[in-house]
Amino acid sequence: MSSSELRFALLGSGSKGNALVVECGSTRLLVDCGFSAREIERRLARLSLTPADIDAIVITHEHDDHWKGVSRFSRAHDLPVWLTPGTRAAKNADALAATELYSPHEPFAVGDIELFPYPVPHDAREPAQLVIGNGDKRLGILSDIGVVTPHVRGMVDACDALVIESNHDPALLAGGPYPPALKARVAGRLGHLSNQQAAELLSDIDTRALQHVVVAHLSESNNRPELARAALAEALACSPDWVHVAHQREGLSWRSLSNR
Ligand SMILES: [Zn+2]
Ligand SMILES: [Zn+2]
């Protein structure tokens, strides 16, 4: 039996807000909701979607750039919100339309979409990232992670597409405008991946099935798209043009995982 095509798009990515849509068959999920409810609606419209097209929201962790609009958006459109027990404990979950708990160690499904969460080192209460599948193809989402662990490598190994954090260039971060404590947080083991860490991860896993690589959560102060692209392209031995960049404002339009 052939499964429905998996496709995804980013509404925006970076420290001012993150949200991604994934679609398979008749199911569409919003992964993170880090813009105001009105802004989420506006950005869904760019993808020819309305809130009524979304079936559920999955939250990776409680930081505001992933959480901001979730209460208002979920209540306005009566959408269940999936989150870890730790994320629920860190926030006022009463403000959400309805909550569903997931464990960062247990796969679950929403409609036609399979989700394989995994825990990541990051300075939130119980942060998780996700591999998303349709029984055939797998999209790995990896963001807001300070260091790559063997478990993380295993989860994103041999995916068909990757959305991967490439947050900062270490030299730009060191010489940039952030105060010392924030520089230490971003570069630390519970912070964000540098271009070099992202590239190293790609060198360490099986990337032969990759149809798309998207660099995400780029810092506007401490990185440049061409640096992130060049680092990942070198690791993949591909042209920098082949590495997509998810922008803070524009996001990234639909990418499909063909069943070839
Ligand atoms: Zn973030
Ligand atoms: Zn975060």
Side-chain angles (χ1 to χ4, degrees), residues 8-22 29-37 39-40 43 57-71 73 81-93 102 104 117-132 139-149 152 155-156 162-170 172-173 176 178-179 181-195 197-198 201 214-223 225 228 245-252:
F8 67 97
L10 282 84
L11 303 191
S13 182
S15 60
K16 295 183 182 136
N18 296 274
L20 175 152
V21 184
V22 60
L29 302 181
L30 193 59
V31 176
D32 287 330
C33 197
F35 300 96
S36 72
E39 188 63 19
I40 292 278
R43 290 174 185 236
I57 304 168
V58 182
I59 297 288
T60 60
H61 64 298
E62 71 272 20
H63 288 162
D64 205 45
D65 57 319
H66 301 261
W67 178 274
K68 185 174 183 175
V70 68
S71 298
F73 188 76
V81 180
W82 288 80
L83 69 185
T84 66
T87 303
R88 185 176 68 171
K91 298 301 270 194
N92 175 15
Y102 70 89
Y118 57 97
V120 289
H122 188 57
D123 54 0
R125 185 81 166 256
E126 193 181 16
Q129 292 292 316
L130 301 155
V131 173
I132 292 179
L139 161 67
I141 303 173
L142 176 69
S143 176
D144 295 70
I145 164 172
V147 287
V148 174
T149 64
V152 168
M155 289 301 296
V156 299
L162 281 176
V163 174
I164 180 170
E165 172 170 60
S166 202
N167 176 261
H168 58 276
D169 173 82
L172 289 181
L173 176 67
Y178 283 10
L182 186 52
K183 286 180 184 177
R185 187 222 153 216
V186 169
R189 297 181 61 81
L190 298 178
H192 292 275
L193 282 194
S194 69
N195 298 339
Q197 285 173 296
L201 169 61
V214 179
V215 292
H217 220 301
L218 265 73
S219 169
E220 292 179 314
S221 311
N222 308 313
N223 208 351
V245 177
H247 294 276
Q248 181 70 81
R249 271 192 307 279
E250 293 85 19
L252 186 79

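Counting from 1, the numbers follow the sequence of the chain as shown. Indexing begins at 1, ligand by ligand and atom by atom, following the structure's order. Atoms considered below: every heavy atom in the structure, side chains included; atoms not considered: hydrogens, waters and symmetry mates.
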Closest non-hydrogen atom pair between A246 and L10, with its separation: CB-CD2, 3.6 Å
Ionic contact status for E39 with K68, cut-off 4.0 Å: no
Any donor-acceptor N or O pair under 3.5 Å, side chains S219, N167: no
Test item: N18 side-chain N/O and D65 main-chain N/O as donor-acceptor pair under 3.5 Å: yes
Neighbouring protein N, O or S atoms of the Zn ion (ligand 2), below 2.8 Å: 4
Minimal non-hydrogen separation, Y102 against V58, with atom names: CE2-CG1, 4.0 Å
Residue pair W67 / E62: nearest heavy atoms and the distance that separates them: CB-O, 3.6 Å
